[in-house]
Number of protein chains: 2
Amino acid sequence: MNDSLTTTSNAVLGLLSLRSWSTYELAKQAQRSLEWFWPRAERKLYDEPKRLVAAGLATSDKEMTGARPRTVYAITRRGRHALRRWLGEPPAPPTLEFDGMVRVFFADGGTLEQLRATLGAIAEASDIRLAELEGKITELERVDVPFPERHHLNALALRFHLDHERVFGEWARWALVQVEEWRSTTDPGRWQPRQAFEP
Amino acid sequence: MNDSLTTTSNAVLGLLSLRSWSTYELAKQAQRSLEWFWPRAERKLYDEPKRLVAAGLATSDKEMTGARPRTVYAITRRGRHALRRWLGEPPAPPTLEFDGMVRVFFADGGTLEQLRATLGAIAEASDIRLAELEGKITELERVDVPFPERHHLNALALRFHLDHERVFGEWARWALVQVEEWRSTTDPGRWQPRQAFEP
DNA sequence: GGTGGATACTGCCCTGTGCAGCATCATGCT
DNA sequence: AGCATGATGCTGCACAGGGCAGTATCCACC
């Protein structure tokens, strides 16, 4: 097994550092807490702990619920050291995959109606995600949630995501206003690119 | 070959809709123009046009530069129709992979010094990317660049990326100020999570 | 008892990444 | 002319990751 851990490995190690988890729980918790900044398919979250065990950074314990087996993973001391060491390394640059922007960028291959629909969809999806974030923010006032002692870190993350999500919705709405002046996707009429950068 | 095209397929089709390209040129142009919102490894950009040809959406023409072969790809009429059809579909949600945020989120596995270094690195990297974007924005005033007739679409995209990138740097600097009050990564002292959401 | 959702997990096929490697061309310098 | 370097051109390979579908057992409820 390749000894160099990925960000995913370290993210899973991070979750294990909080407590031990069954694989199912771990996958669910990863999707609850990491989804906004490190989205990973459930399929992979079943594989990752096995790799940590193989690297000596976690242990696995087979249990039975009736006739149904389940695996519970726990971090090792070596795992904690590895996590701490990783935290001292410089972060990789963020990457964004914005399908909607691909559609905007090549909008001249389609119609102004299509472009408006794309921008509208981006704005609406952003609203939904913002509402979800607001729900998470209200949870910071509670102590009957998992890991209340980590709320300070949660708050930093949520602050970022709130601002980040707002950019999508606000930009899409702004763009909808701009394209009102356009004659078509290939003819912006009197609209000037520099208008995008004026106050 | 699977008939359902990916966003990457359509992005490449979008580039082909502008002009024909050798594979090398296409890979370079993709990395110049799509890198901010649809980053793809060069390795894949060599495969993708082949798949478009197999689907009848592009043609390939073998040429020779001396003894060195090269392939030039062009879009077909079917390809243009496929692109236009795709532009009418709703966009997939954006996904962000923010390695730095994974490190912030699990900062309690490390030290306050490490957290500060992570935040500092995020801020600096953001500055560099912002400077790059500013360079692209000044290009919008020029006509001696590729595809000046598409500046209006470029401007929409650049407006988004400017706002998007600013969020990283501003947030990281804000977070650096917040953690000044913290005693350690596990003890925020008197700092309250709700401080993250006050004006 | 039957149903539906939760818990628990994996095989499979496909997309995508980083890396390394190979080859030829073109340009500039000595 | 010869050489070095960067550009142009491309691919094999091993690994990371995603979506989907499938299998099985448990648990709560009607």
Side-chain angles (χ1 to χ4, degrees), chain A residues 1-13 20-32 34-35 37-55 60-73 92-99 102, chain B residues 1-13 20-32 34-35 37-55 60-73 92-99 102:
Chain A
M1 127 102 189
N2 186 353
D3 272 7
S4 64
L5 298 182
T6 63
T7 303
T8 304
S9 309
N10 281 289
V12 170
L13 209 43
S20 62
W21 311 85
S22 76
T23 331
Y24 180 89
E25 287 171 337
L26 189 68
K28 285 293 171 284
Q29 182 66 18
Q31 303 211 318
R32 259 193 312 264
L34 306 182
E35 197 70 21
F37 52 93
W38 202 257
R40 281 298 170 270
E42 184 178 296
R43 183 62 192 81
K44 281 292 131 191
L45 294 168
Y46 274 89
D47 285 346
E48 199 59 49
K50 294 182 208 290
R51 300 174 66 240
L52 293 177
V53 170
S60 60
D61 192 19
K62 292 288 202 267
E63 297 181 359
M64 300 303 284
T65 311
R68 190 176 67 201
R70 79 178 188 146
T71 315
V72 176
Y73 292 94
T95 67
L96 173 71
E97 291 191 343
F98 188 9
D99 176 280
V102 180
Chain B
M1 125 101 186
N2 187 351
D3 272 8
S4 64
L5 297 182
T6 63
T7 303
T8 305
S9 309
N10 281 289
V12 171
L13 209 42
S20 61
W21 313 84
S22 76
T23 331
Y24 181 88
E25 288 171 335
L26 189 69
K28 285 293 171 284
Q29 182 66 19
Q31 301 209 318
R32 260 193 310 265
L34 306 182
E35 197 70 20
F37 52 94
W38 202 258
R40 279 299 170 267
E42 184 179 297
R43 181 64 193 78
K44 274 298 127 190
L45 294 167
Y46 275 89
D47 284 348
E48 200 56 49
K50 295 182 205 293
R51 299 174 68 240
L52 294 176
V53 169
S60 60
D61 192 21
K62 294 286 201 246
E63 298 181 355
M64 299 303 284
T65 311
R68 189 177 64 206
R70 80 177 187 151
T71 315
V72 177
Y73 293 93
T95 68
L96 174 71
E97 292 191 343
F98 188 9
D99 176 278
V102 179

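Here is the naming used below: chain letters follow the sequence lines, and residue numbers restart at 1 for every chain. When reading the values below, keep in mind they use all heavy atoms of this one structure, side chains included, and skip hydrogens, waters and symmetry mates.
Between B/Met64 atom CE and D/dC10 atom P the separation is 11 Å, expressed in whole Å. Between the OH atom of A/Tyr73 and the C1' atom of C/dA8 there is a distance of 11 Å, rounded to whole Å. Taking atom CD on A/Glu25 and atom C1' on C/dA6, their separation rounds to 12 Å, with Å as the unit. Atom CZ in A/Arg51 sits about 11 Å away from atom C1' in D/dG17, given to the nearest Å. If you measure from atom CG of A/Leu45 to atom P of D/dA16, you get 14 Å, rounded to the nearest angstrom. Note: CG (B/Leu5) to C1' (C/dG16) measures 16 Å, nearest angstrom. The interatomic distance linking B/Lys44 (NZ) with D/dG12 (C1') rounds to 11 Å, in whole Å.
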Distances under 3.5 Å between protein N/O atoms and the N/O atoms of nucleotides 1-3 of chain C, please, pair by pair.
none

Write out a two-atom table: protein N or O, nucleotide N or O from nucleotides 21-23 of chain C, distance below 3.5 Å.
none

Between N or O atoms, less than 3.5 Å apart, protein on one side and nucleotides 9-11 of chain C on the other: list the pairs.
residue	atom	partner	partner atom	Å
C/dC9	OP1	A/Thr71	N	2.6
C/dC9	OP1	A/Thr71	OG1	2.8
C/dC9	OP2	A/Thr23	OG1	2.9
C/dT10	OP1	A/Lys50	NZ	3.1
C/dT10	OP2	A/Lys50	NZ	3.2
C/dG11	N7	A/Arg43	NE	3.1
C/dG11	N7	A/Arg43	NH2	2.8
C/dG11	O6	A/Arg43	NE	2.4

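Applying the side chain to side chain donor-acceptor pair (under 3.5 Å) rule to A/Arg32 yields the partners A/Gln29; only residues at least two apart in sequence or on another chain are considered. For B/Arg68, the side chain to side chain donor-acceptor pair (under 3.5 Å) test picks out no residue, with sequence neighbours left out. Every residue two or more places apart in sequence or in another chain that forms a side-chain contact (heavy atoms from CB on, under 4.5 Å) with B/Pro94 is listed here: A/Leu96, A/Phe98, A/Arg129, A/Phe168. Partners of B/Glu25 under the salt bridge (Lys or Arg N to Asp or Glu O under 4.0 Å) rule, at least two apart in sequence or in another chain, are B/Arg19. When the salt bridge (Lys or Arg N to Asp or Glu O under 4.0 Å) test is applied to B/Lys50, no partner is found at least two apart in sequence or on another chain. Under the side chain to side chain donor-acceptor pair (under 3.5 Å) criterion, A/Thr95 pairs with no residue, sequence neighbours left out. With sequence neighbours excluded, the residues that form a side-chain contact (heavy atoms from CB on, under 4.5 Å) with B/Tyr24 are B/Ser22, B/Lys28, B/Tyr46. Not counting sequence neighbours, the partners of B/Trp38 by the side chain to side chain donor-acceptor pair (under 3.5 Å) test are B/Thr8.
Place B/Thr65 and B/Glu97 on DNA chain D by their nearest nucleotides, and B/Thr65 ends up nearer the 5' end. Between A/Glu48 and A/Gly66, the residue anchored nearer the 5' end of DNA chain D, judged by the nucleotide with its closest heavy atom, is A/Glu48.
Minimum interatomic distance between A/Glu97 and B/Arg40 (heavy atoms only, all atoms of both residues): OE2-NH1, 2.8 Å. The two residues A/Ala92 and B/Asp99 make their nearest non-hydrogen contact at N-OD1, 3.1 Å.
No donor-acceptor distance shorter than 3.5 angstrom exists from the side chain of B/Glu48 to the backbone of B/Leu13, with no hydrogens or angles considered.
Contacts of A/Pro39 with the nucleic acid, taken as non-hydrogen atoms under 4.0 Å apart, involve only primed sugar atoms and P, OP1 or OP2.
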| task | Would you check, one step at a time, whether the test side chain to side chain contact (heavy atoms under 4.5 Å, CB included) holds for B/Val12 with B/Leu45? | result | CA-CA 8 Å; B/Val12 171; B/Leu45 294 167; 4.1 Å; yes

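Axis deviation across the helix from C/dG1-D/dC30 to C/dT30-D/dA1 amounts to 20°, comparing end segments of five pairs, rounded to 10 degrees.
One finds no side-chain N or O of A/Thr8 lying less than 4.0 angstrom from the OP1 or OP2 phosphate oxygen of D/dA16.
In the set D/dG17, C/dT15, C/dT17, C/dT17 carries the atom at the smallest distance from any side-chain atom of B/Arg40.
Salt-bridge formation is not detected for the pair A/Arg51/A/Asp47: no Lys NZ or Arg NE/NH1/NH2 atom is positioned less than 4.0 Å from an Asp or Glu carboxylate oxygen.
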